[in-house]
Amino acid sequence: RKLCLQSPVWYAAQLKPSFVIIENVSALETLWQGPYFLDQLVKGLHGLGYQTDIWNFNAVNYGAFQSRKRAFVVGWRGNRKPLPPMPTHGNIPLLPLLTLGEAIGHLSETEALSDGLCPMSKTRTERIRGIKPGEHTCKSVRRLSMDEPCRTLTTSPSCQKMSRFIHPYQDRHLSVVEYKFIMGVPNYRFPTMMPVPWRYRVLGNGNPPCLYQAVVDALLAKTASAPA
C-alpha cells in the first residue's frame, strides 16, 4: 500500500493545486521501507515546484474522541511556509480531551447494535466478564473506559485475535455504530448489502474530520495572510 503514496504526485502534476495534503500513519517514517517511499514522495513534489513539510499530530488534541497519531506531508507553492495548527484540546489552558463516554454514552443498546457487531466467542465473553472499565488482563484483552479518550480504532475490534476494544459496560466489542460516533461520522451510511467486517474496515482506515479540518484551516490561513 506504500506504493499508493506516489499517486498524489501524479494527481498534483495533472491538477496543479495550490496545496497538496497526504496523510498516513505517523510510524511511516520508521516502518520498513517507509523512509524510502516518503523520500520519493517528497522528491516528486519538489520536482513539481512544491515546498514540503511533515506535520505530526494526534487527533485527540484537535477534538477527536480517540487517540490517533497521523503524519501529514504538506506541499505548497511559494516561499511563505504555512504553520501547523495549534492543538485545541489537552492540558489547561486548552479544552479538556474528549472522552469515549461523550462519543457513545448516549446510545441505547438497540441503537448501538443497529448497524452490525463483530461477534465474540463464548470463551472470550467469559474471559472478559470480570474486567472493570479501564482495566486489562494482558496486552491483548482490554476493556475501555468511558472517562478517557478511546484507543486508536483499527480495521477490526478483534484484529489479530486480540480484544482491545471491549465495551466499558457490555460484554462485547464496540459496534459499527459506536465506531461511527468515535470517528466523528455518526450519520455515515453503508450500503445495506455491505458485510459487517467491511464496515469496520472502512471506518478503521479513516480519520476524524476534525483533524483534516484543522490542517486545511491552517493552509487557508497561509493563503489569507499572503500579500496580494
Side-chain angles (χ1 to χ4, degrees), residues 1 4 23-28 57-72 88-89 96-121 124-125 127-129 131-136 139-215:
R1 288 188 293 180
C4 295
E23 171 271 330
N24 211 296
V25 296
S26 58
L28 178 66
F57 305 111
N58 189 333
V60 76
N61 296 124
Y62 296 86
F65 296 106
Q66 62 173 309
S67 174
R68 197 172 188 86
K69 295 180 180 180
R70 287 296 182 269
F72 285 77
T88 56
H89 294 67
L97 298 179
L98 300 182
T99 66
L100 177 62
E102 291 176 278
I104 67 171
H106 65 286
L107 295 171
S108 68
E109 190 69 354
T110 300
E111 292 171 328
L113 302 182
S114 63
D115 209 8
L117 175 69
C118 175
M120 182 181 295
S121 67
R124 184 163 294 178
T125 301
R127 186 179 177 186
I128 68 171
R129 189 152 289 164
I131 304 177
K132 297 179 181 179
E135 294 184 352
H136 59 89
K139 291 183 178 180
S140 61
V141 181
R142 178 185 296 272
R143 190 181 287 276
L144 299 169
S145 170
M146 287 288 195
D147 299 324
E148 302 172 350
C150 185
R151 296 166 63 86
T152 305
L153 294 184
T154 63
T155 54
S156 171
S158 59
C159 65
Q160 300 176 352
K161 299 182 179 180
M162 297 184 289
S163 298
R164 294 181 174 178
F165 301 98
I166 305 302
H167 190 280
Y169 304 123
Q170 306 296 332
D171 294 329
R172 60 170 175 78
H173 295 299
L174 290 177
S175 69
V176 172
V177 168
E178 288 163 341
Y179 255 56
K180 289 182 184 179
F181 276 88
I182 296 168
M183 191 61 73
V185 289
N187 298 319
Y188 190 86
R189 293 185 178 183
F190 290 107
T192 304
M193 300 303 293
M194 178 179 281
V196 170
W198 291 12
R199 300 181 186 194
Y200 279 108
R201 183 174 294 276
V202 168
L203 293 167
N205 277 324
N207 272 305
C210 59
L211 180 56
Y212 286 116
Q213 188 65 59
V215 173

Engineer: Could you tell me which non-hydrogen atom of Ala112 sits nearest to which non-hydrogen atom of Val177, and how far apart they are?
Structural biologist: O-CB, 3.4 Å
Engineer: From Cys210 SG over to Tyr62 OH, what is the distance, rounded to the nearest 0.5 angstrom?
Structural biologist: 10.5 Å
Engineer: Pair Gln170, Arg172 - check side-chain hydrogen bond (donor to acceptor under 3.5 Å, both in side chains), show working.
Structural biologist: CA-CA 6 Å; Gln170 306 296 332; Arg172 60 170 175 78; 5.2 Å; no
Engineer: Identify the heavy atoms of Pro119 and His173 that sit nearest to each other, and give their distance.
Structural biologist: O-CD2, 3.7 Å
Engineer: Report yes if the side chains of Arg70 and Val25 come closer than 4.5 Å at any heavy-atom pair, otherwise no.
Structural biologist: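 Yes - at least one pair of side-chain heavy atoms lies under 4.5 Å apart.
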Engineer: Backbone N or O of Met194 within a donor-acceptor pair of the Arg199 side chain at under 3.5 Å?
Structural biologist: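 Looks like yes, one N/O pair under 3.5 Å.
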Engineer: Applying side chain to side chain contact (heavy atoms under 4.5 Å, CB included), run through Ile166 and Ile131 and close with a yes or a no.
Structural biologist: CA-CA 10 Å; Ile166 305 302; Ile131 304 177; over 6 Å; no
Engineer: Between Asn58 and Ser67, does the side-chain hydrogen bond (donor to acceptor under 3.5 Å, both in side chains) criterion hold? Intermediate values first, please.
Structural biologist: CA-CA 6 Å; Asn58 189 333; Ser67 174; 3.1 Å; yes
Engineer: Can you list the residues that meet the salt bridge (charged side-chain N to carboxylate O under 4.0 Å, His left out) rule with Glu102, with sequence neighbours excluded?
Structural biologist: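 With neighbours one apart ignored, the set is empty.
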Engineer: Would the number of heavy atoms belonging to other residues, nucleotides or ligands and lying under 6.0 Å from CZ of Arg129 be above 12?
Structural biologist: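 Count over threshold, so yes.
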Engineer: Determine the minimum heavy-atom distance between Val185 and Pro209, stating which atoms define it.
Structural biologist: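 Nearest heavy atoms, Val185 then Pro209: CG1-CG, 3.9 Å.
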Engineer: Tell me, do Ser145 and Leu100 make a side-chain contact under 4.5 Å, heavy atoms counted?
Structural biologist: no
Engineer: Could you walk me through whether Tyr188 and Asp115 pass the side chain to side chain contact (heavy atoms under 4.5 Å, CB included) test, one step at a time?
Structural biologist: CA-CA 11 Å; Tyr188 190 86; Asp115 209 8; over 6 Å; no
Engineer: Check ring pair (Phe, Tyr, Trp, His ring centres under 6.0 Å) between Tyr212 and all other residues, then give those that pass, not counting sequence neighbours.
Structural biologist: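 Only Phe72 meet the ring pair (Phe, Tyr, Trp, His ring centres under 6.0 Å) criterion with Tyr212.
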Engineer: Could you pull out the closest heavy-atom pair between Val215 and Phe57, with the gap in Å?
Structural biologist: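 It is CG2-CE1, 3.8 Å.
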Engineer: Restricting to non-hydrogen atoms, name the atom on Gly63 and the atom on Leu98 that form the minimum distance, rounded to 0.1 Å.
Structural biologist: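 In this case the closest contact between Gly63 and Leu98 is O-CD1, 3.1 Å.
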Engineer: Under the criterion side chain to side chain contact (heavy atoms under 4.5 Å, CB included), I'd like the reasoning laid out for Thr154 against Phe165: C-alpha separation, chi angles, the key distance, then a yes or no.
Structural biologist: CA-CA 9 Å; Thr154 63; Phe165 301 98; 3.6 Å; yes
Engineer: Do Ile104 and Met146 have side-chain heavy atoms sitting under 4.5 Å apart?
Structural biologist: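 Yes, at least one pair of side-chain atoms sits under 4.5 Å.
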Engineer: When rounded to the nearest 0.5 angstrom, what is the spacing between CZ in Arg143 and CD in Glu135?
Structural biologist: 9.5 Å
Engineer: Drop me the distance from Asp171's CG to Ile128's CD1, to the nearest 0.5 angstrom.
Structural biologist: 4.5 Å
Engineer: Just how far is it from atom CD of Glu178 to atom CG of Leu117, taken to the nearest 0.5 Å?
Structural biologist: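 Output value for this atom pair is 8.0 Å.
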Engineer: Ring pair (Phe, Tyr, Trp, His ring centres under 6.0 Å) with Tyr169: which residues, sequence neighbours excluded?
Structural biologist: none
Engineer: Test Thr152 against Lys69 for side chain to side chain contact (heavy atoms under 4.5 Å, CB included), laying out the working first.
Structural biologist: CA-CA 8 Å; Thr152 305; Lys69 295 180 180 180; over 6 Å; no
Engineer: Could you check if a side-chain atom of Ser175 sits within less than 4.5 angstrom of a side-chain atom of Leu107, using non-hydrogen atoms only?
Structural biologist: no
Engineer: Looking only at heavy atoms, which two atoms of Leu203 and Val176 are closest? And how far apart?
Structural biologist: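 Closest heavy-atom pair between Leu203 and Val176: CD1-O, 3.8 Å.
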Engineer: Would Tyr200 and Tyr179 satisfy ring-ring contact (aromatic ring centres under 6.0 Å, His included), going step by step from the backbone distance to the final call?
Structural biologist: CA-CA 8 Å; Tyr200 279 108; Tyr179 255 56; 4.9 Å; yes
Engineer: What is the distance from atom CZ of Arg189 to atom NZ of Lys180, rounded to the nearest 0.5 Å?
Structural biologist: 8.5 Å
Engineer: A side-chain contact here means heavy atoms from C-beta on lying under 4.5 Å apart; do Asn207 and Glu23 qualify?
Structural biologist: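 The answer is yes; the side chains approach within 4.5 Å.
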Engineer: Enter the distance from Gln66:CD to Leu153:CG here, rounded to the nearest 0.5 Å.
Structural biologist: 4.0 Å
